[in-house]
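See structure below.
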Amino acid sequence: MTDRALAVVRAGALTTVQDGGRPGYAHLGVPRSGALDPGARDLANRLVGNPADAAVLETTVDGCAVRPRCAVTVAVGGAPCPVTVDGRPASWGAAVRVPAGAVLAVGAAVRGLRSYVAFAGGVAAEPVLGSRSTDLLSGLGPAPLRDGAVLPLGPEPPAPPGHDAVPWPGPPGELVLHVRPGPRDDWFTARALSAFATRAYRVSPASNRIGLRTEGPPLERAVAGELPSEGMVLGAVQVPPDGRPVVFLADHPTTGGYPVVAVVRERDLAAAAQAVPGTPVRFIPVRQASRSRRPRGW
């Protein structure tokens with residue numbers, strides 16, 4: 001291990017390494033994984049001069065603290081949070097130079113859930129199937145951070161261009177998810193589909209990187225039988241036996257045996273990554289005049 005590395009002082013509730021993930025391996029049973037809020041990851045990377053999809057740290061709820069062994073430029077973005085360097089306040093959402101041996105502390109999220117910590121050169125953990133992402137479901141990639149762990153950093157890129165201010169989307173006060181009909185929407189009654197498209201749901205505290213679980217009116221099945229396992233995609237809205245919709249996120253299983261009532265538009269999923277428990281959720285059907293198949297009851 002060279003001095004291009006960082007030591008974990010406080011791992012936090014769940015801090016993982018994330019980059020662009022592993023798209024294209026679903027046939028091997030490997031989820032996409034990658035940063036749940038890719039826009040925040042991309043922007044933090046650009047602030048330190050990295051390629052947009054370089055590997056970063058994704059924190060959950062209460063941040064983390066690390067001690068780089070070398071001087072390194074760092075940017076913290078995503079969920080707003082306090083940032084300190086050796087106890088002194090530092091900028092959130094901007095590039096900060098951290099001296100060798102100093103402790104960079106990323107505090108608890110003030111709003112939202114997940115903050116992103118980009119280091120110039122990126123986190124250089126060993127790639128698996130072309131990605132350095134931690135995949136919680138399959139166990140691929142580096143393990144979630146633990147206190148005392150050491151992670152390598154890549155070579156520092158040229159100094160990034162300066163920015164006076166950059167736009168950071170705020171965490172959603174209401175999560176609006178645009179959906180198209182799923183392959184098994186006919187397994188639900190018309191009344192259930194109407195409720196799905198018109199009633200308010202809330203983000204459940206049981207949500208994680210695998211799926212955003214919801215609380216709200218259960219969806220009544222029109223078909224009571226069992227469904228053989230079939231392929232699942234990012235954004236699939238699966239309905240387990242309790243009738244509450246689950247939106248599949250980056251670490252979702254590649255197959256599943258519960259019916260998929262709808263599929264969320266992919267660009268809406270970054271907001272889902274930052275929605276705290278209790279956030280209202282609305283599912284908005286996307287209607288396309290050219291589509292021959294109309295959703296029932298929507």
Side-chain angles (χ1 to χ4, degrees), residues 11-48 50-61 64 75-79 106 109 112-119 121-145 151-154 168-169 171-172 175 177 207-213 231-238 246-256 263-275:
L14 176 64
T15 302
T16 60
V17 177
Q18 299 295 339
D19 57 14
R22 303 180 181 84
Y25 291 102
H27 64 292
L28 300 178
V30 175
R32 177 184 304 201
S33 197
L36 285 190
D37 187 345
R41 175 208 60 203
D42 293 359
L43 187 48
N45 269 324
R46 290 184 177 116
L47 287 170
V48 300
N50 289 342
D53 63 349
V56 302
L57 299 183
E58 178 185 273
T59 73
T60 308
V61 180
C64 68
V76 181
V106 179
L113 284 179
R114 295 177 171 89
S115 299
Y116 291 86
V117 191
F119 302 86
V123 177
E126 190 67 25
V128 178
L129 295 176
S131 169
R132 296 182 166 92
S133 286
T134 302
D135 175 353
L136 296 178
L137 189 67
S138 301
L140 298 178
L145 264 61
L151 291 174
L153 297 175
W168 291 94
L175 183 59
L177 300 175
S207 301
N208 53 28
R209 281 186 49 85
I210 295 171
L212 180 115
R213 295 183 177 275
M232 294 288 150
V233 299
L234 182 69
V237 183
Q238 195 185 58
V246 179
V247 180
F248 277 171
L249 302 179
D251 284 359
H252 71 85
T254 55
T255 62
V263 179
V264 175
R265 191 169 64 180
E266 185 169 342
R267 63 175 179 265
D268 292 351
L269 295 176
Q274 300 293 2

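The figures that follow rest on heavy atoms only: side chains count, while hydrogens, waters and symmetry mates do not. Numbering starts at 1 and runs along the sequence shown.
Among residues two or more places apart in sequence or in another chain, the side-chain contact (heavy atoms from CB on, under 4.5 Å) test is passed with Thr134 by Thr16, Val17, Gln18, Leu136, Pro142, Pro144. With sequence neighbours left out, Ala11 forms a side-chain contact (heavy atoms from CB on, under 4.5 Å) with Val8, Leu145, Asp147.
Without hydrogens or angle criteria, Ser131 side chain to Ser133 main chain gives a donor-acceptor distance under 3.5 Å. Checking side-chain atoms of Arg114 against main-chain N and O of Ala35 turns up no donor-acceptor pair under 3.5 Å. Between the side chain of Asn45 and the backbone N or O of Ala52, at least one donor-acceptor pair lies under 3.5 Å. A donor-acceptor pair under 3.5 Å is formed between the side chain of Asn50 and the backbone N or O of Gly121. Judged by distance alone, the side chain of Asp251 and the main-chain N or O of Arg209 form no donor-acceptor pair under 3.5 Å. When atom types are taken as modelled, the side chain of Ser138 and the backbone of Val30 share no donor-acceptor pair closer than 3.5 angstrom. At least one donor-acceptor pair under 3.5 Å links the side chain of Glu58 to the backbone N or O of Leu36.
Atom CZ of Arg267 has 12 or fewer heavy atoms from other residues, nucleotides or ligands within 6.0 Å.
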Handout entry: side chain to side chain contact (heavy atoms under 4.5 Å, CB included) assessment of Leu57 paired with Leu151
Key = CA-CA 11 Å; Leu57 299 183; Leu151 291 174; 4.0 Å; yes
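Among residue pairs with one or both ends in residues 24-42, those qualifying as salt bridge (Lys or Arg N to Asp or Glu O under 4.0 Å) are Arg32-Glu266; sequence neighbours excluded.
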